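Everything below concerns the one structure shown next.
FYI, the numbering just counts along the sequence from 1. Computed from a predicted model, the values in this text were never measured in an experiment. Note that ligands are numbered from 1 as they come in the structure, with each ligand's atoms numbered from 1 the same way.
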Amino acid sequence: MNTTLLRTESIEGHLLIISDDSNLEWADHYLDPGQITVLATGIRNEVREFIFPGSDRFVCILVLKDEKDETYAREDARIDAADLLEKINGYKLKEIGVVNHSEVNRTYEVLEGLLLGNYKFLKHFSNKDKKRNSLEKVSVHSGSMSEADVSKLNTVVSATCTARDFVNEPHSHMNAVTFSEAVKALGEQYEGLEVEVYDKQQIIDLGMGGLLSVNLGSVLPPTFNIMEWMPENAKNKKPIILVGKGVMFDTGGVSLKPTANSMDYMKCDMAGSAAVVGIMKAVADAKLPLNIVGLVGATDNRPGQDAYVPGDVITTMSGITVEVLNTDAEGRMTLADSLHYAKKYDPELVLDFATLTGSAARAIGPDGICYMGNADSKIKHALEVSGRKVYERLVEFPMWREYGDAIKSDIADIKNLGGPYAGMITAGKFLEHFTDYPWLHFDIAGPSYLHKKSGYRTKEGTGVGVRLIFDFLENYS
Ligand code: BES
Ligand code: MN
Ligand code: ZN
C-alpha cells in the first residue's frame with residue numbers, strides 16, 4: 001500500500017505544520033476556532049491534543065525536538081511523524097498538507113516517517129477496506145521541498161515498500177519460482193532493467209553446487225536471478241554488483257530449527273534479495289547513471305528426503321570444496337556461487353546483503369547492520385555517512401586472519417560452520433573465499449525483520465538496505 005505524495009503551490013484542507021518553536025504564538029493565524037488541533041510537542045510520547053467541537057479542519061503542529069546531533073535529529077523527525085500518523089489515521093483523515101515553518105528544514109524526514117509509517121501489507125486480508133489506513137494522500141508545499149527531493153522520496157519509499165512486500169509475502173506465496181516471476185514483472189515495468197532467470201537445469205550446467213546442495217531437500221526448484229541496469233550514460237565502466245541471499249524459507253534443513261521464536265519468521269530469510277530487488281527498482285526508477293547488476297540465487301532450505309546432511313562435502317561453482325557441518329548454515333552455501341558468478345563481470349565493487357547469522361542479530365540487535373570486507377576506506381566511509389543519514393547505521397567488524405582458522409576442515413577446503421565466537425565474522429570469512437574483487441558483506445539478520453513496529457518501521461519486513469544503498473549510489477562517482 002503506497003501513499004501518494006504530491007508537491008503543490010497551495011495547501012488547503014487538513015494541515016501539518018513543522019515547527020522548531022514550541023512557543024507557538026505564531027501558530028495563531030493558522031488556527032480558527034472550530035478546528036481540530038493536535039499539537040505534537042518536541043517531547044516524544046507527549047502529544048498534546050486540543051479538540052475544538054464542531055470542527056472540520058484538522059491542524060497539527062509537529063514541534064521538532066531540540067536535538068543537536070544531526071543523525072538523531074533527522075531520526076527524531078521521522079519517528080515523531082510516524083507517531084503523529086497514528087493520530088491522523090485515528091481521526092480518519094484521507095489527505096493532509098505539509099508546510100515547513102522551521103529554520104532547519106526537516107520536511108524530507110517528516111514525510112519519510114509519514115509515508116513509510118503508513119505502509120501496510122494487506123494482500124491476504126479478505127476485507128482490505130476494513131484494515132486500510134485512512135491516509136491516502138500527502139501534499140507538500142512547494143516552498144518546503146524541492147521537486148527533486150519529492151521525486152527522490154517517492155522513489156525510495158516505493159522501493160522500500162516493495163522490499164517490505166517481498167519479505168512479508170509468506171513462503172506459501174513466494175518461493176524461488178514465484179520470486180523470479182515477481183522480479184521479471186519488475187523488469188517489464190522499467191525500461192532498461194534487464195532480467196534474466198536461470199532455471200534448475202541451467203544452474204546445474206553452471207555447476208552451482210552450493211545453491212543446488214541447499215535445494216536438495218526441497219520439492220521446489222531453485223532459480224538464479226540476474227538484474228542488469230546498464231545505461232548508456234553510465235559513469236562506471238566496470239559494474240557495481242549487488243548480491244542478495246535468497247533463501248525463501250529457512251527450516252534449517254536436516255539441522256532443523258526449533259519452531260517458536262526461531263523458524264516461525266524464517267520467510268524473512270530472503271530479505272537480502274528483497275533489498276537487492278528494491279535497490280534495483282529505485283535505481284531504474286531514478287535512472288541512475290551507473291552500471292549496476294543484481295544477483296540472487298534463490299531456493300528454500302528444507303529437510304526433504306534428498307536433503308544434504310551434516311558431513312557432506314559439496315563442490316561449489318568456484319571449485320572450492322565445502323564440508324557441511326550444519327545444514328542451517330545454508331546462506332553461505334548459496335552466496336558462495338553468487339559471489340563466484342560475480343567475477344565474470346570484472347566488477348568495480350560487490351556488495352552482498354544477507355540475513356546470514358543469528359550472531360549478527362545478537363551482537364547489535366535491530367538498530368544497525370554488521371558489515372565487513374576489503375573495499376577501499378573511502379567506500380566504507382561513504383557508506384557509513386549514508387548509514388547515519390538514512391539511519392541504517394553500519395558497524396564494521398574485523399576480518400582478521402585468525403577468524404579464518406575456525407572454518408578450516410580436515411577433509412575439504414573449508415567447512416560451513418565456525419567456532420563458538422564471532423559467528424558473523426566466520427561467516428564473512430567463508431564468503432571471502434569466493435571473492436577476488438573489492439567487496440563488502442552486510443549481515444542484516446538484525447534489522448531486516450521486526451517482531452513489533454518501531455516508529456516508521458512497520459512490523460515484519462523493514463526494507464532495510466534500500467535507503468542506505470540508494471543514497472550511497474546516488475552520491476557515487
Ligand atoms: N537465516 C539464519 C540466520 C538468521 C537468524 C536470520 C535470525 C534472521 C534472524 C541462518 O541461515 C542461520 O541459520 N544461521 C545459523 C548459522 C549457524 C548454524 C552457523 C545461526 O546464525 O545460528
Ligand atoms: Mn539457516
Ligand atoms: Zn538462513
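Remark: the backbone N or O of M248 is not paired with any side-chain donor or acceptor of D300 at under 3.5 angstrom. Checked by atom type and distance alone, the side chain of S359 pairs as donor or acceptor with a backbone atom of G423 at under 3.5 Å. Within the 3.5 Å criterion, the main-chain N or O of A77 finds no donor-acceptor partner in the side chain of R106. Here the side chain of R332 pairs no donor or acceptor atom with the backbone of L431 at under 3.5 angstrom. Side-chain atoms of E67 come within 3.5 Å of backbone atoms of D69 as a donor-acceptor pair (strictly under, hydrogens ignored). Looking only at distances, no side-chain donor or acceptor of N301 sits under 3.5 Å from a matching main-chain atom of E330.
For atom 12 (C) of ligand 1, the closest non-hydrogen atom of the protein is D328 O, 3.2 Å. Atom 6 (C) of ligand 1 has its closest protein heavy atom at T355 O, 3.6 Å. In this structure, atom 19 (C) of ligand 1 lies nearest to the protein heavy atom L417 CD1, 3.3 Å. Closest to atom 8 (C) of ligand 1, if we only count protein heavy atoms, is M266 CE, 3.6 Å. The protein heavy atom nearest to atom 22 (O) of ligand 1 is G358 N, 4.4 Å. In terms of protein heavy-atom proximity, atom 10 (C) of ligand 1 is nearest to L356 O, 3.3 Å. Counting protein heavy atoms only, atom 16 (C) of ligand 1 is closest to R332 NH2, 3.9 Å.
When heavy-atom distances to ligand 1 are checked against a 4.0 Å cut-off, N416 has no atom that comes that close, whether in backbone or side chain.
The closest approach between any non-hydrogen atom of M270 and ligand 1 is not below 4.0 Å. Using a 4.0 Å heavy-atom cutoff, Y265 is listed among the residues neighbouring ligand 1.
Counting only residues at least two apart or in different chains, salt bridge (Lys or Arg N to Asp or Glu O under 4.0 Å) contacts with residues 422-448 comprise K429-E432.
Per residue E330, closest N, O or S atom to the Mn ion (ligand 2): atom name OE1. In E330, the N, O or S atom that comes nearest to the Zn ion (ligand 3) is OE2. Its N, O or S atom nearest to the Zn ion (ligand 3) is what matters here, and for D250 that atom is OD2. With respect to the Zn ion (ligand 3), D269 has OD2 as its nearest N, O or S atom. The nearest N/O/S atom of D250 to the Mn ion (ligand 2) is OD2.
Remark: ligand 1 atoms within the under-4.0 Å shell around heavy atoms of E330 are 11 (O). The atoms of ligand 1 that sit less than 4.0 Å from any heavy atom of K257 are 2 (C), 12 (C), 13 (O). For ligand 1 and K245, the ligand atoms under 4.0 Å from any heavy atom of the residue are 1 (N), 10 (C), 11 (O).
Under a cutoff of 6.0 Å and an axis angle of 45°, R74 and Y72 do not form a cation-pi pair. Annotation: cation-pi pair K131/F125 present, NZ/CZ under 6.0 Å from the ring centroid and within 45° of its normal.
Geometrically, ligand 1 and D250 share a nitrogen or oxygen pair separated by less than 3.5 Å. For the pair D269 and ligand 1, the shortest N or O to N or O distance falls below 3.5 Å. By the 3.5 Å distance cut-off applied to N or O atoms, N326 is not counted among the residues near ligand 1.
The Mn ion (ligand 2) lies at 2.8 Å or more from every N, O or S atom belonging to D269. Not a single N/O/S atom of G252, whether from backbone or side chain, sits less than 2.8 Å from the Zn ion (ligand 3).
Side-chain polar atoms of T251 and K257 form no donor-acceptor pair below 3.5 angstrom. S151 and N154 share no side-chain donor-acceptor pair at under 3.5 Å.
Residues V195 and N225 are not in side-chain contact: their nearest non-hydrogen atoms beyond the backbone lie 4.5 Å or more apart.
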**Item:** Test side-chain hydrogen bond (donor to acceptor under 3.5 Å, both in side chains) applied to T458 and R164, step by step
**Value:** CA-CA 9 Å; T458 46; R164 287 178 178 182; 3.1 Å; yes
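Listed by chain and number, the residues in a side-chain hydrogen bond (donor to acceptor under 3.5 Å, both in side chains) with H173 amount to none (sequence neighbours excluded).
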